[in-house]
Amino acid sequence: MKILPVKGTRDFYPPQMTVRNFICDGWKAASLRSGFVEYDGPIFEHLQMYQIKSGDEIVEQLFHLTDRGGRELAIRPEITPTLARMVNQQVNALPRPIKWFSMPRLCRAERPQKGRLREFFQWNIDILGVEDVLADAEVIFCTLDYLRSAGLTSKDVIAKISSRKLLAALLLHLGIAADRLETLYPILDKKAKLPAEAFEEMLAKAVESSATVKTILELMAAHSADDILHIVPDVAANETAQTALDELQRVFGYLKAMGVAEYCRFDMSIVRGLAYYTGMVFEVHDVVGDLRAVCGGGRYDNLLKDFGGPALSATGMGMGDCVLEILLRERGLLTDETFKRKLDYFVACTDAALTSAALAIAARLRAGGASVELSYKTGNLGKQLKQADACGAMRCLIVGQEYQDGGKVVVKEMATGEQSLVSEEMLLNRL
RNA sequence: GUGGUAGUAGCUCAGUUGGUUAGAGCACCAGAUUGUGGUUCUGGGGGUCGGGGGUUCGAGUCCCCUCUUCCACCCCA
């Protein structure tokens, strides 16, 4: 019976694995450049852990199971709860600031579509214990630093940045009741995902005053502090709003100082659906705009307390591999040439009697740190050169008559076809 | 969970109103070529036509169910 792969999963054959490693290596390098240290947790956790942050609906969207002891478990659909649990467990022993990154394999029981599968990898960076917006700027910088290192320019991607604190202050200022904010966020978050009319209709249902609806719509299109002051002039006297605005402007100032300002844009329509964000929020999108968000993040100062720990401020970002890979491919940043296998040497042997000598040479080269492949067949040299070519070997060593006669091997440069006769000692000295 | 789309070799796809033993290109393996690769030529292996059921003398082709893919919703941590 033929067994099919599970819906929404991927098999990583060697070429695909090369792509995955390319992405993960880039994530890791960027994290380390910015001073983050790596952590990981178990691939499953208690189901309850995901309900704390996201409620009961979440159960339908993740893979859960009951173990033989009756424990309700879930395969992790995100790693932030694990991070919160791990940090809380050792919160008094961890040196501050806590700058951690991870590249977990996650599973979500959703219907697969473009840029979204049921199993994927997600780069997470988080800074805990820093209330200052410097940490927010660092998170955004590290994200952009990676995207830049992958070859994406400000013509390819844009970081849209806003502030939940600012949005909340503005909405309260406009007379929205505090207990209405949480229901309003998911609606505002839909602005870019819905046609303008449908969005306005949804908003009108949630907000009574049509004048307020109009003002909110104007605010959603704001791209600067001036825009906001123009739309709501009397907000200048609102202390909370002013503080939030000042913070946001400091974030942009820091991002400019770090040389990534060209990627960044203030955009009030970035809200994020989740209730738990408390400050800066941001998303990176492709400039063309036909893909879902490349990544998203923001400040979440209450989460650790919600997980039974002390109040500890936090800010972070998550980036999945699916949309990123589509984007990198579309921009020609993942080409076959990039992933051609590279091998230092291929050892060919033309006489079965010299097999041991060829093996010894290969082993010494390997001991010297070179990558070496060899043929498991002796004889037909043409066939072995063909294999050397297929392996992506830069040089082919031919162990044959010359070795028997004078202990030398033929070194053939695969790119040029140039050949030279070299002693084994000289060969090893080259390493 | 809802709607649409498609499924024939490892991959990309042909396959006539239902009609003999289902084809091509690429890839793979072998030979031409037992000491010289990328080119070329010759040959070979590889298919339960996604799966199951039905109609029919006869189904890759028509009907039903199901699985899977891709796309759009719901959701998006």
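Numbered from 1 within each chain, the chains take letters A, B, ... in sequence-line order.
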Under 3.5 Å, side-chain donor or acceptor atoms of residues 349-360 of chain A against the rest of the protein: list the pairs with distances, not counting sequence neighbours.
from	atom 1	to	atom 2	distance (Å)
A/D351	OD1	A/A353	N	2.9
A/T355	OG1	A/A352	O	2.8

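A/D267 and A/S162 share no donor-acceptor pair across their side chains, judged by distance under 3.5 Å alone. A donor-acceptor contact closer than 3.5 angstrom is absent between the side chains of A/E38 and A/S31.
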For nucleotides 37-40 of chain B, list the nitrogen or oxygen atoms of the protein found under 3.5 Å from its nitrogen or oxygen atoms, one pair per line.
from	atom 1	to	atom 2	distance (Å)
B/G37	O6	A/M414	O	3.2
B/G37	O6	A/G417	N	3.4
B/G37	N1	A/M414	O	2.3
B/G37	N2	A/D389	OD1	3.0
B/G37	N2	A/M414	O	3.1
B/G38	N1	A/M414	O	3.4

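Between the C1' atom of B/U66 and the CG atom of A/L4 lies a distance of 12 Å, rounded to the nearest Å. The distance from atom CG of A/N380 to atom P of B/G31 is 7 Å, rounded to the nearest whole Å. Here the C1' atom of nucleotide B/G35 and the CD atom of A/Q384 are 10 Å apart, to the nearest Å. At whole-Å resolution of the value, CD in A/E60 and P in B/G1 are 10 Å apart. In this structure, OH of A/Y403 is placed 19 Å from P of B/G35, rounded to the nearest angstrom.
The same atom, C1', is picked in B/G45 and in B/C28; the two are 9 Å apart, to the nearest Å. Taking the C1' atoms as reference points, B/A24 lies 31 Å from B/U56, given to the whole Å. As rounded to the nearest Å, B/U2 and B/U66 have P atoms that lie 10 Å from one another. Between B/G23 and B/C67, the distance separating the two P atoms is 33 Å to the nearest Å. When the P atom is used for both B/G4 and B/C65, the distance is 12 Å, rounded to whole Å. The separation of B/U61 from B/G18, taken at their C1' atoms, amounts to 6 Å, rounded to a whole angstrom. B/G7 and B/G60 have their P atoms separated by 15 Å, given to the nearest Å. One P atom belongs to B/G50, the other to B/G15, and the distance between them is 15 Å to the nearest Å.
The stretch residues 126-147 of chain A participates, sequence neighbours left out, in these salt bridge (charged side-chain N to carboxylate O under 4.0 Å, His left out) pairs: A/R33-A/D145, A/K99-A/E138, A/D132-A/R250, A/D136-A/R299, A/D145-A/R148. For residues 404-416 of chain A, the set of pairs meeting the salt bridge (charged side-chain N to carboxylate O under 4.0 Å, His left out) definition, not counting sequence neighbours, comprises A/R395-A/E413. Sorted by first then second residue, the ring-ring contact (aromatic ring centres under 6.0 Å, His included) pairs that include residues 294-327 of chain A, not counting sequence neighbours, are A/Y276-A/Y300.
Counting any heavy atom pair closer than 4.0 Å across all strands shown, A/E402 reaches a base atom. Looking at heavy-atom distances under 4.0 Å, A/I398 makes contact with a base. At the heavy-atom level, A/G8 lies under 4.0 Å from the strands shown only through sugar-phosphate atoms.
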Per-nucleotide protein contact string for nucleotides 72-77 of chain B (B base, S sugar-phosphate only, - none; heavy atom under 4.0 Å): BBBBBB
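Within residues 156-164 of chain A, no residue approaches RNA chain B, by heavy-atom distance under 4.0 Å. Of the residues in residues 10-21 of chain A, not one comes within less than 4.0 Å of RNA chain B through any heavy atom.
In this structure, A/Y146 has its ring center under 6.0 Å from that of A/W123.
Contacts of A/V288 classified as side chain to side chain contact (heavy atoms under 4.5 Å, CB included), with partners at least two apart in sequence or in another chain: A/D286, A/D290, A/R331. With sequence neighbours excluded, the residues forming a side chain to side chain contact (heavy atoms under 4.5 Å, CB included) with A/Q16 are A/F12, A/V19, A/E325, A/R329, listed by chain and number. The ring-ring contact (aromatic ring centres under 6.0 Å, His included) check on A/Y39 picks up A/W100, with sequence neighbours excluded.
Considering only heavy atoms from C-beta on, A/L184 comes within 4.5 Å of A/L203 through its side chain.
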Secondary structure string for RNA chain B (Watson-Crick or G-U under 3.5 angstrom, | for other-strand pairs): ((((.((..((((.....[...)))).(((((.......))))).....(((((..]....))))))).))))....
A/R108 vs A/L117, side-chain contact (heavy atoms from CB on, under 4.5 Å): CA-CA, chis, key distance, verdict: CA-CA 8 Å; A/R108 296 178 185 175; A/L117 299 171; over 6 Å; no
Audit row: A/I361, A/Y345, side-chain contact (heavy atoms from CB on, under 4.5 Å) steps and yes/no: CA-CA 11 Å; A/I361 290 169; A/Y345 293 99; over 6 Å; no
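One finds no salt bridge joining A/E119 and A/R10 here, because no Lys/Arg side-chain nitrogen approaches an Asp/Glu carboxylate oxygen to under 4.0 Å. With respect to A/D301 and A/K305, no salt bridge is recorded, no charged nitrogen being found less than 4.0 Å from a carboxylate O.
The one candidate from A/V157, A/T153, A/I158 that meets the side chain to side chain contact (heavy atoms under 4.5 Å, CB included) condition with A/K155 is A/T153.
In this structure, A/Q113 places its CD atom where more than 12 heavy-atom neighbours from other residues, nucleotides or ligands lie under 6.0 Å away.
A/Q419 contributes no side-chain N or O that forms a donor-acceptor pair with the base of B/G35 under 3.5 Å.
Of the listed nucleotides (B/U36, B/U34, B/U69), B/U36 has the atom at the smallest distance from the side chain of A/V410.
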